[in-house]
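Source: prediction; values computed, not measured.
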Amino acid sequence: MKKTVGIALTGSYCTFSEIFPAIGSLAEEYDLIPIVSQNVYTTDSRFITARETVLRLTELTGKPPIHTIAEAEPIGPKKLLDLLIIAPCTGNTLAKLAAGIADTPVTMAYKSHMRNSRPVLIGVSTNDGLAAAAANIARLINTKNVFFVPFGQDSPENKPTSLVCRFGEIKRAANAALEKKQIEPVIIGK
């Protein structure tokens with residue numbers, strides 16, 4: 001029987017072109033439940049419209065995305081997921097996860113899922129990863145059952161504090177996280 005994996009997207013719209021192929025790869029092996037933040041569900045960006053995002057996720061997973069706090073809350077009590085992946089995970093969402101704030105569908109999914117001591121995999125995508133978000137990354141790396149997709153600087157010359165996960169590593173990182181293992185190295189170069 002296939003494992004059930006939640007795939008939660010937050011508003012790093014510039015990385016959606018990289019997460020969609022990773023979701024397609026995950027769909028070959030897992031039953032996926034898409035989850036999106038309110039911003040992802042409603043915001044048209046210069047990279048993609050909200051409608052295109054929802055349609056693409058629905059096509060890739062076969063299900064419409066969870067997009068409200070009320071829809072995300074039962075994830076834990078019903079033990080719906082074997083693994084929750086949050087990718088891309090913005091600095092704003094990192095801060096909320098680290099502080100225990102559950103005020104979006106994605107942060108509620110995290111809180112609800114974590115009550116079962118099941119793994120969470122985070123794919124960082126933030127312009128302040130080596131600045132304000134660094135403390136939140138450190139706190140989450142030190143949190144039981146939280147694992148990270150390997151990440152590194154995406155443009156050290158132009159954006160010296162920006163960190164982005166290596167989306168091509170998500171499937172390998174997910175397989176390891178299901179075994180409650182962190183793939184190494186966590187911090188990698190280009």
Enquirer: Nearest 0.5 Å, what's the CG-CG distance between N92 and N136?
Expert: 10.0 Å
Enquirer: Answer whether the closest heavy-atom distance between the side chains of C165 and F148 falls below 4.5 Å.
Expert: no
Enquirer: Using the ring pair (Phe, Tyr, Trp, His ring centres under 6.0 Å) rule, collect all pairs that involve residues 28-58, keeping only residues at least two apart or in two chains.
Expert: Y41-H67
Enquirer: Show the nearest heavy-atom pair for residues V164 and S125, with the distance to one decimal.
Expert: CG2-OG, 4.1 Å
Enquirer: Quick one, F20 with L57, criterion side chain to side chain contact (heavy atoms under 4.5 Å, CB included). Give me CA distance, side-chain angles, the key distance, then yes/no.
Expert: CA-CA 8 Å; F20 290 141; L57 282 172; 4.2 Å; yes
Enquirer: Show the numbers, then the answer: is there a side chain to side chain contact (heavy atoms under 4.5 Å, CB included) between V36 and I66?
Expert: CA-CA 6 Å; V36 295; I66 290 171; over 6 Å; no
Enquirer: Mind checking what makes side chain to side chain contact (heavy atoms under 4.5 Å, CB included) contact with L163, not counting sequence neighbours?
Expert: V124, L130, I137, F151, Q153
Enquirer: Would a distance-only check, ignoring hydrogens and angles, find a side-chain to backbone donor-acceptor pair under 3.5 Å from T90 to T93?
Expert: yes
Enquirer: Identify, with sequence neighbours excluded, every residue that meets ring pair (Phe, Tyr, Trp, His ring centres under 6.0 Å) alongside Y13.
Expert: F16
Enquirer: What distance do I35 atom CD1 and T10 atom OG1 have between them, rounded to the nearest 0.5 Å?
Expert: 12.0 Å
Enquirer: How far apart are the closest heavy atoms of A109 and A72, and which atoms are they?
Expert: N-CB, 3.9 Å
Enquirer: To the nearest 0.5 Å, tell me how far I170 CD1 sits from I85 CD1.
Expert: 6.5 Å
Enquirer: Any ion pair linking K171 and E28 (charged N to carboxylate O, less than 4.0 Å)?
Expert: yes
Enquirer: Using side chain to side chain contact (heavy atoms under 4.5 Å, CB included) as the criterion, list what pairs up with A50, not counting sequence neighbours.
Expert: D44
Enquirer: Mind listing the closest non-hydrogen atom pair of L84 and A8 along with its distance?
Expert: CD1-CB, 4.2 Å
Enquirer: Hey, quick one: are L121 and M114 part of the same hydrophobic cluster, counting side-chain heavy atoms closer than 4.5 Å, chains of contacts allowed?
Expert: no
Enquirer: Measure from the side-chain N and O atoms of T143 to the backbone N and O of R139, and report whether any donor-acceptor pair falls under 3.5 Å.
Expert: yes
Enquirer: Heavy-atom count around K180 NZ within 6.0 Å, excluding the residue itself: above 12?
Expert: yes
Enquirer: Can any side-chain N or O of S25 pair as donor or acceptor with the backbone N or O of P21 at less than 3.5 Å?
Expert: no
Enquirer: Hey, quick one: are I75 and M108 part of the same hydrophobic cluster, counting side-chain heavy atoms closer than 4.5 Å, chains of contacts allowed?
Expert: no
Enquirer: With hydrophobic residues grouped by side-chain heavy-atom distances under 4.5 Å, do I48 and F167 end up in a single group?
Expert: yes
Enquirer: Okay, side chain of E169, backbone of R166: is any donor-acceptor separation there less than 3.5 Å?
Expert: no
Enquirer: Quick one, I23 and T61 - any side-chain contact, counting heavy atoms below 4.5 Å?
Expert: yes
Enquirer: Would you sort out whether V54 and T58 count as a side chain to side chain contact (heavy atoms under 4.5 Å, CB included), showing the intermediate values?
Expert: CA-CA 6 Å; V54 169; T58 303; 4.2 Å; yes
Enquirer: Would you indicate whether the side-chain heavy atoms of I33 and L81 approach each other to under 4.5 Å?
Expert: yes
Enquirer: So with a 6.0 Å cut-off around NZ of K2, is the heavy-atom count from everything else above 12?
Expert: yes
Enquirer: According to a 4.5 Å side-chain heavy-atom criterion applied to Ile, Leu, Val, Met, Phe, Trp and Tyr, with indirect links allowed, do I141 and I86 form part of one hydrophobic cluster?
Expert: yes
Enquirer: Return the set of residues passing salt bridge (Lys or Arg N to Asp or Glu O under 4.0 Å) with E52 (not counting sequence neighbours), or none when no residue passes.
Expert: none
Enquirer: Give, for atom CG of L83 and atom CD of E179, the distance between the pair rounded to the nearest 0.5 Å.
Expert: 11.5 Å
Enquirer: Can you see which heavy atom on S37 is nearest to which on P105, and at what distance?
Expert: CA-CD, 4.2 Å
Enquirer: Would D128 and T126 count as having a side-chain donor-acceptor pair, cut-off 3.5 Å?
Expert: yes
Enquirer: Quick test of your reading: applying side chain to side chain donor-acceptor pair (under 3.5 Å), list the pairs with at least one residue in residues 97-122, sequence neighbours left out, ordered by first then second residue.
Expert: K96-D103, T104-T107
Enquirer: Using side-chain contact (heavy atoms from CB on, under 4.5 Å) as the criterion, point out the one residue from I122, V106, L140 that pairs with C89.
Expert: I122
Enquirer: How close do L9 and A87 get, heavy atom to heavy atom, and via which atoms?
Expert: CG-O, 3.7 Å
Enquirer: Rounded to the nearest 0.5 Å, what separates atom NZ in K63 from atom CG in L32?
Expert: 6.5 Å
Enquirer: Does the T161 side chain pair with the main chain of N127, one donor and one acceptor, at a distance under 3.5 Å?
Expert: yes
Enquirer: Just verifying a value: how many Å separate Q38 CD and T43 OG1, rounded to the nearest 0.5 Å?
Expert: 10.0 Å
Enquirer: Between K3 and D31, is a salt bridge (charged side-chain N to carboxylate O under 4.0 Å, His left out) present by the stated rule, with each step listed?
Expert: CA-CA 6 Å; K3 299 269 186 188; D31 181 27; over 6 Å; no
